[in-house]
Q: 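What follows is a structure written as structure tokens; I'll ask about it next.
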Amino acid sequence: MKNKILVIGGAGYIGSHVQKQLLEEGFDVIVYDNLSSGDIINILVGSKFIKGDILDYNQLKNVMCDNIDGVIHLAAKKAVGESMIKPEIYATNNISGSINILNAMVECGVKNIVFSSSAAVYGMPLYSPIDEKHPINPINYYGYTKRCIEENMEWYANLGKINFASLRYFNAVGYADDKSIQGKERNPQNLLPIIMEVATNKRDCLSIYGNDYDTTDGTCIRDYVHVSDLAKAHTKAIKKLINENTSFILNLGTGIGTSVKEIVDATQKVIGKKINYVYSDRRSGDPAILTACADKADELLGWKPEYTDIEDIIKTVWNLEI
Ligand code: UFG
């Protein structure tokens with residue numbers, strides 16, 4: 001019997017890649033998504049799609065009670081800046097919505113959940129690379145919502161209600177190299193999608209937020225992890241939950257730091273043309289360096305990122321444009 005996985009937020013950027021990986025590994029896939037930021041073109045052949053909102057508890061419960069073996073929950077608002085201006089939107093979607101999912105699981109007797117968490121739970125890094133023992137101190141409301149749900153999952157797990165895997169992503173980038181996922185995020189806020197908009201003349205110029213950080217070239221360093229590698233960690237995690245009745249929290253990153261300027265240079269090399277950029281002021285809340293120690297993901301899941309070369313990663317994004 002195939003395991004049936006409910007992918008909540010499965011029409012989004014990371015969710016669609018998770019959907020693809022699950023299908024390739026022979027799972028039955030049901031996608032539940034309200035399409036607020038996800039895209040119907042991200043629903044892959046083989047998946048069953050249900051349009052629905054995590055705030056609609058009755059609909060969610062009906063879907064959950066249909067013999068689901070595991071949930072992968074990626075439905076969330078994720079703009080860090082917006083979370084500081086309109087926290088109420090994040091409280092409702094990310095906190096209330098996730099509590100609805102946990103409660104529907106308990107009501108329907110569904111035990112296993114893989115949750116999209118974020119390096120944002122750590123706040124300003126006290127050291128780098130960051131391991132899971134690093135103190136938790138989110139400095140934006142978005143990061144707080146992720147930690148809040150981790151804490152609730154810890155409680156529910158300790159009370160014997162669920163098994164959970166919380167996956168703390170660092171900077172997710174790239175697209176499936178077979179171009180099977182074509183949906184681009186609307187109004188992108190992240191570095192590489194913005195660079196691609198400059199490269200394709202949808203935007204005039206990239207603003208690099210600060211060149212006076214204490215790094216090799218003065219621009220911020222991040223850990224860019226390919227979305228197909230992230231997707232593989234999700235299938236490994238759900239299998240472990242189903243087979244071993246356990247719970248865990250993991251970082252997902254490469255351990256490799258790349259500066260904003262290095263990303264710009266690598267993109268120019270890959271696409272063979274110049275990216276217009278200017279240096280502007282620092283963006284508030286940006287740490288100079290944020291990289292992952294993902295040793296625990298290797299120990300627990302046997303997960304290691306396959307993409308370690310930033311140019312290879314950028315090629316998978318540029319491929320969609322050509
Ligand atoms: N950057 C620019 N110009 C831009 C956009 C970004 O210089 O127009 C810089 C940022 O200052 C940062 C780097 O590019 O140094 C990456 O920025 P992103 O906005 O792409 O990503 P962040 O590192 O800020 O945030 C990401 C996720 C968050 C998550 C965080 C946790 O987007 O959801 O990682 O590690 F919370």
Side-chain angles (χ1 to χ4, degrees), residues 9 12-14 37 74-84 90 93-94 115-125 128-130 132 134 136-150 166-174 185 187-199 202-225 227 230 250-255 257-267 275-294 310 313-314 317:
Y13 167 56
I14 299 176
S37 59
L74 313 103
K77 302 286 285 178
K78 66 174 182 78
V80 171
E82 184 190 49
S83 78
M84 299 296 275
Y90 286 71
N93 280 278
N94 294 12
F115 174 67
S116 281
S117 187
S118 167
V121 300
Y122 295 116
M124 277 296 173
S128 225
I130 286 186
E132 294 82 358
H134 185 283
I136 299 293
N137 188 19
I139 57 161
N140 50 62
Y141 191 72
Y142 162 77
Y144 166 72
T145 66
K146 293 292 175 182
R147 181 56 195 155
C148 175
I149 298 310
E150 286 186 345
S166 186
L167 306 182
R168 293 175 177 164
Y169 316 145
F170 282 63
N171 291 61
V173 283
E185 285 184 287
N187 193 15
Q189 311 270 335
N190 293 111
L191 178 63
L192 205 49
I194 289 174
I195 291 178
M196 286 299 147
E197 290 199 345
V198 178
K202 291 189 193 84
R203 228 182 244 253
D204 293 335
C205 188
L206 165 74
S207 290
I208 297 184
Y209 299 139
N211 63 344
D212 57 352
Y213 284 96
D214 187 13
T215 60
T216 40
D217 59 21
T219 66
C220 288
I221 290 177
R222 295 287 179 276
D223 185 326
Y224 296 92
V225 53
V227 66
L230 288 182
L250 292 177
N251 286 343
L252 294 178
T254 61
T258 309
S259 75
V260 177
K261 182 67 173 48
E262 284 169 340
I263 294 278
V264 172
D265 291 344
T267 307
I275 299 291
N276 289 328
Y277 67 87
V278 290
Y279 289 116
S280 62
D281 290 345
R282 290 182 176 197
R283 184 173 68 176
S284 84
D286 266 347
I289 301 179
L290 188 64
T291 58
C293 168
I310 197 67
I313 293 176
I314 294 168
V317 184

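Note that the coordinates shown come from a computational prediction; the quantities given were computed from them, not determined experimentally. Counting convention: from 1, in listed order, for ligands and their atoms alike.
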Q: Once you restrict to heavy atoms under 4.0 Å, what part of Ala120 touches ligand 1? Side chain, backbone, both or neither.
A: both

Q: Between Tyr169 and Asp223, does a side-chain hydrogen bond (donor to acceptor under 3.5 Å, both in side chains) hold up when you go through it step by step?
A: CA-CA 9 Å; Tyr169 316 145; Asp223 185 326; over 6 Å; no

Q: With atom 28 (C) of ligand 1 as the reference point, say which of Leu192, Val264, Ile208, Val80 has the nearest heavy atom.
A: Val80

Q: With heavy atoms under 4.0 Å as the rule, classify the contact between Asn171 and ligand 1 as side chain, backbone, both or neither.
A: side chain

Q: Check Glu132, Lys146, Glu150, Arg147 against Ser166 for a side-chain hydrogen bond (donor to acceptor under 3.5 Å, both in side chains) and give me the one that passes.
A: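 The option that passes is Glu150.
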
Q: For the side chain of Asp217 and the backbone of Thr219, is there at least one donor-acceptor N/O pair under 3.5 Å apart?
A: yes

Q: Spell out, as yes or no, whether a donor-acceptor pair under 3.5 Å connects the side chain of Asp281 to the backbone of Gly210.
A: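 Not confirmed, Asp281 side chain does not pair with Gly210 backbone.
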
Q: Side chain, backbone, both or neither: which part of Asn190 has a heavy atom under 4.0 Å from ligand 1?
A: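 Both the backbone and the side chain of Asn190 come within reach of ligand 1.
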
Q: What part of Leu206 sits under 4.0 Å from ligand 1 if we count only heavy atoms: the side chain, the backbone, both or neither?
A: side chain

Q: Among Ile221, Thr219, Val260, whose heavy atom sits nearest atom 9 (C) of ligand 1?
A: Val260

Q: Would you confirm whether Asn190, through its side chain, and Pro193, through its main-chain N or O, come within 3.5 Å as a donor-acceptor pair?
A: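 The answer is no, because no donor-acceptor pair under 3.5 Å joins these two groups.
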
Q: For the residue pair Asn171 and Val225, establish whether any side-chain heavy-atom pair is separated by less than 4.5 Å.
A: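 They are not in side-chain contact.
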
Q: Do any N/O atoms on Arg222 end up under 3.5 angstrom from N/O atoms on ligand 1?
A: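 N/O-N/O distance below 3.5 Å exists for this pair.
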
Q: Mark up the atoms of ligand 1 that fall under 4.0 Å of a heavy atom belonging to Ser118, in ascending order.
A: 29 (C), 31 (C), 36 (F)

Q: Considering Tyr279, Tyr213, Tyr209, which one's heavy-atom position lies nearest to atom 4 (C) of ligand 1?
A: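 Nearest option to atom 4 (C) of ligand 1, by heavy atoms: Tyr209.
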
Q: Note the single closest protein heavy atom to atom 19 (O) of ligand 1, along with its residue, its atom name and the distance in Å.
A: Arg283 NH2, 3.1 Å

Q: So, the side chain of Asp214 versus the backbone of Ala288: is there a donor-acceptor pair under 3.5 Å, distance only?
A: no

Q: Just which atoms of ligand 1 are under 4.0 Å from any heavy atom in Ala119?
A: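 Under 4.0 Å from Ala119, ligand 1 has these atoms: 31 (C), 35 (O).
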
Q: Is it true that Arg203 and Glu197 have a side-chain N and a carboxylate O under 4.0 angstrom from each other?
A: yes

Q: Going by an N to O cut-off under 4.0 Å, is there a salt bridge joining Glu262 and Arg222?
A: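 Looking at Arg222 together with Glu262, the answer is no, because their closest N to O distance does not fall below 4.0 Å.
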
Q: Heavy-atom distances under 4.0 Å are what count here, so tell me which part of Leu290 touches ligand 1: side chain, backbone, both or neither.
A: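 Side chain only; the backbone of Leu290 stays clear of ligand 1.
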
Q: Taking NZ, NE, NH1 and NH2 as the nitrogens, is one of them in Arg282 or Asp286 under 4.0 Å from a carboxylate oxygen of the other?
A: no

Q: I'd like to check whether Tyr169 has a polar contact with ligand 1, where a contact means an N/O of the residue lying under 3.5 Å from an N/O of the ligand.
A: no

Q: Of all the non-hydrogen atoms in the protein, which one sits nearest to atom 15 (O) of ligand 1, and at what distance?
A: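 Scanning the protein heavy atoms, the shortest distance from atom 15 (O) of ligand 1 goes to Cys220 CB, 3.0 Å.
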
Q: With a 3.5 Å distance limit and no angle check, can you tell me whether Ser117 reaches the backbone of Arg168 through a side-chain donor-acceptor pair?
A: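 No, the answer is negative, given that no donor and acceptor are paired below the 3.5 Å cut-off.
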
Q: Does an N or O anywhere in Tyr224 fall below 3.5 Å from an N or O of ligand 1?
A: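 No; the residue has no nitrogen or oxygen that sits under 3.5 Å from a nitrogen or oxygen of the ligand.
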
Q: Considering residues, nucleotides and ligands other than Tyr144, do more than 12 of their heavy atoms fall under 6.0 Å from its OH?
A: no

Q: Side chain, backbone, both or neither: which part of Leu191 has a heavy atom under 4.0 Å from ligand 1?
A: both

Q: Can you name the atoms of ligand 1, numbered from 1 with element, that are less than 4.0 Å from a heavy atom of Ile194?
A: 8 (O)

Q: Side chain, backbone, both or neither: which part of Ser207 has a heavy atom under 4.0 Å from ligand 1?
A: backbone

Q: Looking only at protein heavy atoms, which one is nearest to atom 11 (O) of ligand 1, and what is the separation?
A: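 Sorting protein heavy atoms by distance from atom 11 (O) of ligand 1 puts Asp286 OD2, 2.5 Å first.
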
Q: Against heavy atoms of Tyr142, which atoms of ligand 1 measure under 4.0 Å?
A: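 Reading through ligand 1 atom by atom, the close ones are 33 (O), 36 (F).
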
